[in-house]
Amino acid sequence: MIDIGQKMRFVPYWYKGENDSPDRTREKQVIGKVIYVGRAHKKFTVKYSCGGGPQMKETFKFSQIEKDIFIVRGDRYGS
């Protein structure tokens with residue numbers, strides 16, 4: 001189950017490349033925190049920063065977990 005405050009790892013949509021190797025894809029990953037969960041529509045929003053730049057947000061469907069976005073394991077909130 002996804003909860004607010006949980007850490008997630010993913011490659012931002014705008015940063016994906018069609019011909020990226022698996023190593024290159026891992027280099028492009030960022031870590032963000034869940035700031036919104038819409039259970040009725042099975043979506044959640046993650047806020048992240050790329051290299052200390054501006055804060056950005058991206059919304060995912062629950063079905064994308066373990067395909068496009070991954071839960072950062074650790075304690076409950078991934079720290």
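Values in this document were obtained by computation on a predicted structure and should not be read as measured data. Nothing fancy with the numbering, it's 1 onward along the sequence.
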Q: Give the C-alpha distance, both sets of side-chain angles, the deciding distance and a yes or no for side chain to side chain contact (heavy atoms under 4.5 Å, CB included) between Met1 and Arg39.
A: CA-CA 10 Å; Met1 187 60 69; Arg39 298 198 194 288; 3.0 Å; yes
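- Under a cut-off of 6.0 angstrom, the local environment of NZ in Lys61 is sparse, with at most 12 non-hydrogen atoms contributed by other residues, nucleotides or ligands.
- Contact check for Phe44 versus Tyr36: no side-chain heavy atoms found under the 4.5 Å cut-off.
- In the hydrophobic clustering of this structure, Met56 groups with Val11; members are Ile, Leu, Val, Met, Phe, Trp, Tyr whose side-chain heavy atoms approach within less than 4.5 Å, directly or through other members.
- You'll find the side chain of Met8 stays beyond 4.5 Å of the side chain of Ile31, heavy atoms only.
- Among all heavy-atom pairs drawn from Trp14 and Cys50, the shortest one is CZ2-SG, 3.7 Å.
- Side chains of Val46 and Glu58 form no contact here, defined as non-hydrogen atoms less than 4.5 Å apart.
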Q: For the pair Thr59 and Gln64, evaluate side chain to side chain contact (heavy atoms under 4.5 Å, CB included) and give the outcome as yes or no after the intermediate values.
A: CA-CA 10 Å; Thr59 300; Gln64 290 178 274; over 6 Å; no
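- With rounding to the nearest 0.5 angstrom, the CD atom of Gln29 is 4.5 Å from the CZ atom of Arg9.
- Using a 4.5 Å heavy-atom threshold, the side chains of Val37 and Thr45 count as separate.
- Placement of Val34 and Phe70 in two distinct hydrophobic clusters is found when ILVMFWY residues are connected by side-chain heavy-atom separations under 4.5 Å, directly or transitively.
- Phe10 and Ile35 fall into different hydrophobic clusters, where Ile, Leu, Val, Met, Phe, Trp and Tyr residues are linked whenever their side-chain heavy atoms come under 4.5 Å apart, directly or through other members.
- The cationic atom of Lys42 (NZ for Lys, CZ for Arg) does not lie both less than 6.0 Å from the six-membered ring centre of Phe62 and within 45° of the ring axis.
- Hydrophobic clustering (ILVMFWY, side-chain heavy atoms < 4.5 Å, transitive): Ile69 and Ile4 are in one cluster.
- Counting heavy atoms from C-beta on, the side chains of Lys47 and Lys33 never come closer than 4.5 Å.
- A heavy-atom distance below 4.5 Å is not found between the side chains of Ile65 and Lys67.
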